[in-house]
Number of protein chains: 2
Amino acid sequence: MVSKENPRPGGRSARVQAAVHQAVRDMLAGMNRADVTIPLIAQRANVTPSTIYRRWGDLQELLADVAASRLQPETEPPKTGSARNDLQAWAEQYADEMSSGAGRQMIRDVLAVSDTANAEKCCIYTQQQLRVLVARADERGEAFPTLTELMDYVVSPIMYRILFDQVPSNDCVRGLISRVMPENTD
Amino acid sequence: MVSKENPRPGGRSARVQAAVHQAVRDMLAGMNRADVTIPLIAQRANVTPSTIYRRWGDLQELLADVAASRLQPETEPPKTGSARNDLQAWAEQYADEMSSGAGRQMIRDVLAVSDTANAEKCCIYTQQQLRVLVARADERGEAFPTLTELMDYVVSPIMYRILFDQVPSNDCVRGLISRVMPENTD
DNA sequence: AACTAAAAGCAAATAATTTGCGTTAGCGCG
DNA sequence: CGCGCTAACGCAAATTATTTGCTTTTAGTT
């Protein structure tokens, strides 16, 4: 029912997980989402359906697992010269990625299952990125919002709009940032 | 695939919809969510499964439809004497309802399907409620945030926390409101 | 190298979903 | 008022997905 977090690397369990994840990613990229089924995934990953059912429970949990792992950023926020610009660049990229069809779908997948572990992971990933920005500003002695302020007044409005309303424009994102960093005119 | 919005009241279609919605509500209240299936719902609603499949497509879409209709508020925000207190009372109730197990599940159901119509409905419902508060403050000449500010800095953080993080405490909600209404000390 | 426990494969049984076709109910029209 | 017309429903057979008991494989341990 629950995907193992740390099956020892190289073990059989890890190989199956990798094959299944890869199969899901391939299929999501190449076909209608409604046509992605566990038997098909199993066939592509060269495992039997019952293996998937036993490990993940159902399609939604598998999709949530895959989506959460794809939502983990692999790089630090790029440096642009100022904390403010770092934040702006990061926020715009975050909004773009999450607003895209694939991004929105991954968020949905993560939220669809009742187990909240995957959603919490997304939140933690975002906070990790923001903490880097906060630390950089701190090192330089630049004024900067707290992590909580960034989550509440930049990340949350972006995510709400993506999920419930219209996807935020770059102007919208810039406006949110101006609100938490009013000292710089921009 | 798509639930009819306005089957003429009294028609057969409307009766089936009402019976199915009722069956879903009853079952969600009384049993494990994972055990709620379309054949069971059909049995309880006295329709055949194929009727449900043809009208709603699959379980997720049906649940999303039911959840959206349950998320529509049936009353105006209560009056408390001041615009600020109205807002605070409304926000606390909103946070409570959405944070509850049933509330969280309904939001999840609404977000789970790729059709965004139901999610947009939720956003509209919230904005309708907030517009009432804005209009009241306007009538009285009290200073008050705009609708957009309320959505961005009160509703969005509450919803983000519910979906991705920990459910917000009343203190947290009050803090968010203080931020958009700093003129009153409270 | 044999042992063990966890995970995977296999296949039969069960359950859900799809679909073709006949039937019914509500609606407009004469 | 009654006569079609159409959209929606019921029914049942066919298909597909899911569950489950049992066996086999595998990686780690002694």
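It should be emphasised that the depicted structure is a prediction, and the values quoted were computed from it without experimental measurement. So you know, we letter chains A, B, ... as the sequences are listed, proteins then strands, and number each from 1.
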Sub-4.5 Å side-chain heavy-atom contact between A:Trp56 and A:Val20: yes

Residues which pass salt bridge (charged side-chain N to carboxylate O under 4.0 Å, His left out) with A:Glu149, listed by chain and number, not counting sequence neighbours: B:Arg179

Test side chain to side chain donor-acceptor pair (under 3.5 Å) applied to A:Arg131 - qualifying residues, sequence neighbours left out: none

side-chain N/O B:Arg15 vs C:dG26 OP1/OP2, d < 4.0 Å: yes

Of all pairs that satisfy salt bridge (charged side-chain N to carboxylate O under 4.0 Å, His left out), the ones with a partner from residues 98-109 of chain A, not counting sequence neighbours: A:Arg33-A:Asp109

Polar side-chain contact A:Arg12-C:dA7 base: donor and acceptor under 3.5 Å: yes

All ring pair (Phe, Tyr, Trp, His ring centres under 6.0 Å) counterparts of B:Phe144, not counting sequence neighbours: none

Divergence of helical axes at both termini of the helix from C:dA1-D:dT30 to C:dG30-D:dC1 - five pairs an end, 10° steps: 30°

Partner residues of A:Glu97 under the salt bridge (charged side-chain N to carboxylate O under 4.0 Å, His left out) criterion, sequence neighbours left out: none

Stretch residues 21-35 of chain A: residues that reach within less than 4.0 Å of DNA chain D through a heavy atom: none

Protein proximity profile, nucleotides 10-19 of chain D - base contact B, sugar-phosphate-only contact S, no contact -, cut-off 4.0 Å on heavy atoms: BB-----SSB

Residue-phosphate contact under 4.0 Å: A:Arg55 side-chain N/O, C:dA6 OP1/OP2: no

Listed once per pair and sorted, the salt bridge (charged side-chain N to carboxylate O under 4.0 Å, His left out) pairs that draw on residues 34-46 of chain B, sequence neighbours left out: B:Asp26-B:Arg44

Partners passing salt bridge (charged side-chain N to carboxylate O under 4.0 Å, His left out) against B:Arg70 (at least two apart in sequence or in another chain): none

Residue pairs fulfilling salt bridge (charged side-chain N to carboxylate O under 4.0 Å, His left out) with at least one residue in residues 150-168 of chain A, sequence neighbours excluded: A:Asp152-B:Arg161, A:Arg161-B:Asp152

Nearest-angstrom distance from the residue atom CD of A:Gln43 to C1' of C:dG9: 16 Å

Side chain to side chain contact (heavy atoms under 4.5 Å, CB included) partners for B:Ser114, two or more places apart: A:Gln105

Distance in angstrom units between B:Leu62 CG and C:dA16 C1', rounded: 15 Å

Heavy-atom neighbours of B:Gln166 CD exceed 12 at 6.0 Å: no

